[in-house]
Structure formats: structure tokens, C-alpha cells
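Numbers restart at 1 for each chain; the letters A, B, ... are given by sequence-line order, proteins then strands. Basis for what follows: all heavy atoms, side chains included, without hydrogens, waters or symmetry-related copies.
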There are 2 protein chains.
Amino acid sequence: MGTSERKQREREEREQLFLDAAEQLIEQEGFMQLQMAKLAKACDYATGTLYQHFTSKEDLLMALMARHSALHLELFERIEQWQAPSRQRIFAICVAEQDFNQRQANYVKLSQYVMTEAVWENASETRRSQLLQCGQPICRIVSGIVQQAIDDGDLDPQGASTMELAYGTWALCQGSHTLDHTQGLLEAFSIPRGPMTMYRNMNRLLNGMSWHPLLDLSSTETLQTLVQQIEQQLNIHS
Amino acid sequence: MGTSERKQREREEREQLFLDAAEQLIEQEGFMQLQMAKLAKACDYATGTLYQHFTSKEDLLMALMARHSALHLELFERIEQWQAPSRQRIFAICVAEQDFNQRQANYVKLSQYVMTEAVWENASETRRSQLLQCGQPICRIVSGIVQQAIDDGDLDPQGASTMELAYGTWALCQGSHTLDHTQGLLEAFSIPRGPMTMYRNMNRLLNGMSWHPLLDLSSTETLQTLVQQIEQQLNIHS
DNA sequence: GCATATTTTGAACTAGATTCAAAAAACGAT
DNA sequence: ATCGTTTTTTGAATCTAGTTCAAAATATGC
């Protein structure tokens, strides 16, 4: 009946309200400082009400992550639409992500935290699969680019599945961001901070997949121009 | 004077005792279940005593990590001693790590957790730099292998620092392990579990660095043989 | 053997997540 | 509109586990 639909909608709205407020609080004082009671009060609800939406604090963090990944997806969709050689498109993902993560450092940390057993295991099963679902379209887009490369004859998979190749780029991105965001690590090993290191390594990986056209890494210029081109065309930094 | 030396030693011994016990408890029930009071009791000490060694629970987890990384280092040292072409040696690190992490799944999770802001920021500064120090010899060894490759003419850095190249392999390993250990992730994206995916991607990266001799990835056989060879020669699975 | 300094102890303190019985609100039938 | 019933909200009470600290125990040096 009609009333229950409205209720459902109101419930959904309240959930978004909680998430909005959580986002704001995290913005202000970092996600470690987030407190359930404080959050509830900030929304003029009782603590218990918060627990009608999220089974635990971890569940809430994960919900936040899931919602946030919609923004992330948007990025990928922009690249999906972009008409360009596959090699540029796959690299564009890396560039877009780098920029995205740069600006949402809190979220990189949060996602790192959420993927931890400590958090993962304390969220509801529903939430976990929701979050995994969020990855699906992204996965589809990346696979699509790999597939395009194969179809265009730019990439010979040599027996590897499209997923395997996509996984490689993913792992490299993931690992780079993790290392990047670990306090003091780059400094301890005197690795220059900044995206270029990761860009170069990504292109090495792509070259190693024989993903044409290969990029010449001996010139800093070439890569920098490429990055700028991508940033402009995709309207990154917007 | 003599007495204070003995005291120092006893203190050190007790610290190891705590860490041993913590290790055992984690073995039994996972690191999330570790409780300071329980741990102290298990060692027949009061809770307060535990806090004379570790400023917080996070500090303890980090100490555990630091100690554990000595085992990790051992692995790297075995490879450092190993006389072989640089390309085999750098890949051997990957193989050895894979095996190591396979068997110490708890530690992969712990290290993932420890590198989280939530933990990192709650450990003492001393401990943090201790942990970073632990990475130094490993870093040195990997850099050494890269350097060997350059000296042997197997690798043209094309202007990249040895650290940058080492960083690439590190990030790929790191990222792969993170993804591997995130519950349900591989399954959600139907990526076959097992080390071969990561081995192939690592070799793609190395090929992309033009690290000679390049490995032909079109044959599963070749790679598998290589892995077996490395495992035998390094006496992995021991 | 005694005065002083150091170390250990564990009960008390604390923070903050979670629960749940009571109160309030919504609902639906009369 | 009224009343009995169901659903939702509330927030004080509960609970867990990390951390502290004053008192007790032990060690040290004279």
C-alpha cells in the first residue's frame, strides 16, 4: 500500500542524512574520530535510531564507502565514454584515480581501513555484498577497455583472461596508493613523492603486456604531455 | 654497572615473552580477539606491566609486526646470497613472498591493519620508526638486485632510479596481496585464486622494464618451470 | 638493617559502542 | 474521534576492553 512506500522512502532519506552527516564529520575531524552518539545527535536522532540503519559502526563506514564509490564510478564512466585509443584509456584510469585519491585522501584511508579484516568482519553480510556489487560496474568498464584493446589488435592477451590483465593494473594502483598513504614510508626509503613514479610503473606494466602503442619511458616529456592531454580531455581537476 | 645490564636483558626477555604469547594467542583466535588483559594474564603479569613495554595495543601489534619482519628479512637474505641472473632473483622475491604470505595469512592481515591510519597513529613514534627501519635491509636487498641488473647490462633504467623500479615491484606485490586477502573480492570478480595470476603480472611488469632475459608469457609451462626451479633452489616450502 | 628508588600490581577509571525497556507515534478498525 | 494494537523512537543503562595510577612489593645502596 501507498503509506509503506512513503515510509520506505523516508527511511531511505534518513539513511542518506546520516551518511551526509557522517561524511561531514569525517571531513572535519577524520574518520577515526567519528562517534556513533555524536553522529546521531548531529542529526537530531537518538543513538538507537542510527542502529536501525547500520548494524555497527563498521557497517556504517562500509555504507559510506559504498556510497562514495558512486563518485568513483562516475570517473570511470567518463572514461568509458571517451573515444580514444585503448592504451590511452586504460592509462587514463590511472591518472583519474590518482587525482581523485589525491583530493579525497580521507577516503583512501577509509577504504584501506574498511578492507581490513577488523572492519570487514564486523559489517553485515548485506553491506559487504553491497560494497562488492559497487565494484562490478567498474570492473566491467576496465574489462571493456581491455577487450577493446584486444579487438583493436592493440593487445595480444597471450592466453590471459581480460580479468587477469585488468587485475594487474588494479593491483598496481592499489599497492601504489597503499604505500603512498602509509605515513613516513616514502620518506624512509627516499622515494620521491608524486604521481610520476606510479605513472611510469603503470606504463611499464602496460608495455609489458605489449599493449600498443608502447610508450617510450626514456623521456619525461612524452609522459608528462600524455598526462596533461588526458587531464584536459577528461576535464580532470574539475 | 653490571646489575643494570642484567635488568636490561631481563626486560628484553620479558618483552619477547609478551610477543611470543601474543603470537600464540593470535594464532589461536585471530588478532582481532587479542586482549591486553588476557595477554598479560597468560604471561602471569599484571596488565600494567604490559604497558611498560607497549604504549598501547596498537603499539604492541606494531612491535609484533616488526619482530615478524625479521623472518621476512631472512627470506630476502636467502635470495641475496643466491647466485643467479638478476631477472630470476627479482622474481624469486615475488615467489618467496607469495609462499610466505600463504602460510602466514594472519600476518598479511595484521600488516594490512597496522598500515592503517587507525593503528599507525596510535603507536609510539619509536615503534613506527622501528618498523620503518625493518624495511631498510629489505629495501637495500631489492635495490641491490636492481643495481646488479643494471651493472650486468640486463636492465636499462632509462633514467629511473633503482628505487623507482624496486617500488614498482613492491607496489604490485602489495596490491596483489591486499586484493587476495579481501574476503570475497576475487570471487565477486571471478578472478581465479592462486599465485599464477600475480606471477604473470609481475613478469609483465618486469618485461615492461625491459629486464632481460624477457620471459615469454604465452606458455604456462615456461613460467611454471621457472617457479618450480626457484622454489627448489631456494628451498622454499621448508 | 634501614631509607630510598624502582617496579609491579590490579582494581578503578574511561571511552565509546551497543542494547533494550519504556515512551511515543502511527495505524486501522469501530 | 476513540481506542487497542503494532511499529518506531528514545536515551539511559549496559557492556567491553583499553588505559591509568595509587598502593604494595621489591630491589638498591649505604
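- Following rounding to the nearest Å, B/Leu50 (CG) and D/dT20 (P) show an atom-to-atom distance of 12 Å.
- The listed nucleotides are D/dT10, D/dT19, C/dT9; the one nearest the side chain of B/Tyr45 is C/dT9.
- We find that B/Glu10 and B/Lys7 are not joined by a salt bridge, their nearest charged nitrogen and carboxylate oxygen being 4.0 Å or further apart.
- Residues B/Phe76 and B/His72 have side chains in contact (heavy-atom distance under 4.5 Å, counting atoms from C-beta outward).
- B/Glu12 and B/Gln16 are linked by a side-chain donor-acceptor pair at a separation below 3.5 angstrom, with hydrogens and angles left out of the test.
- Rounded to an integer number of Å, the gap from CZ of B/Arg11 to C1' of C/dT8 is 12 Å.
- Put simply, CG on B/Asn122 is 18 Å from P on D/dA17, counting in whole angstrom units.
- A salt bridge links A/Arg67 to A/Asp20: one of the charged nitrogens lies within less than 4.0 Å of a carboxylate oxygen.
- Contacts between residues 25-44 of chain A and DNA chain C, counted as heavy-atom distances below 4.0 Å, involve A/Leu34, A/Gln35, A/Met36.
- The distance between the ring centers of B/Phe100 and B/His177 does not fall below 6.0 angstrom.
- Contact between the side-chain N/O atoms of A/Thr49 and the OP1/OP2 oxygens of D/dT9 is not found at any separation under 4.0 Å.
- Applying the salt bridge (Lys or Arg N to Asp or Glu O under 4.0 Å) definition to pairs two or more places apart or across chains, those involving residues 161-185 of chain B are A/Arg200-B/Glu164, A/Arg204-B/Glu164.
- A/Phe91 pairs by the ring-ring contact (aromatic ring centres under 6.0 Å, His included) definition with A/Tyr199, not counting sequence neighbours.
- Non-hydrogen atoms lying under 4.0 Å from DNA chain C are contributed by B/Gln52, all within residues 52-59 of chain B.
- Rounded to whole Å, atom P of D/dG18 lies 6 Å from atom OH of B/Tyr51.
- Among residues at least two apart or in separate chains, ring-ring contact (aromatic ring centres under 6.0 Å, His included) pairs with a member in residues 15-38 of chain B are B/Phe18-B/Tyr45, B/Phe18-B/His53, B/Phe31-B/Tyr113.
- Closest to the side chain of B/Lys7, from the set D/dA27, D/dG18, C/dT9, is D/dA27.
- Note: CD (A/Gln8) to P (D/dT7) measures 15 Å, nearest angstrom.
- Residue B/Arg14 places none of its side-chain N or O atoms closer than 4.0 Å to OP1 or OP2 of C/dT7.
- As rounded to whole Å, 15 Å separates atom C1' of C/dG16 from atom CG of A/Leu60.
- Within the structure, the side-chain hydrogen bond (donor to acceptor under 3.5 Å, both in side chains) test picks out the following pairs touching residues 135-145 of chain A (sequence neighbours left out): A/Glu80-A/Arg140.
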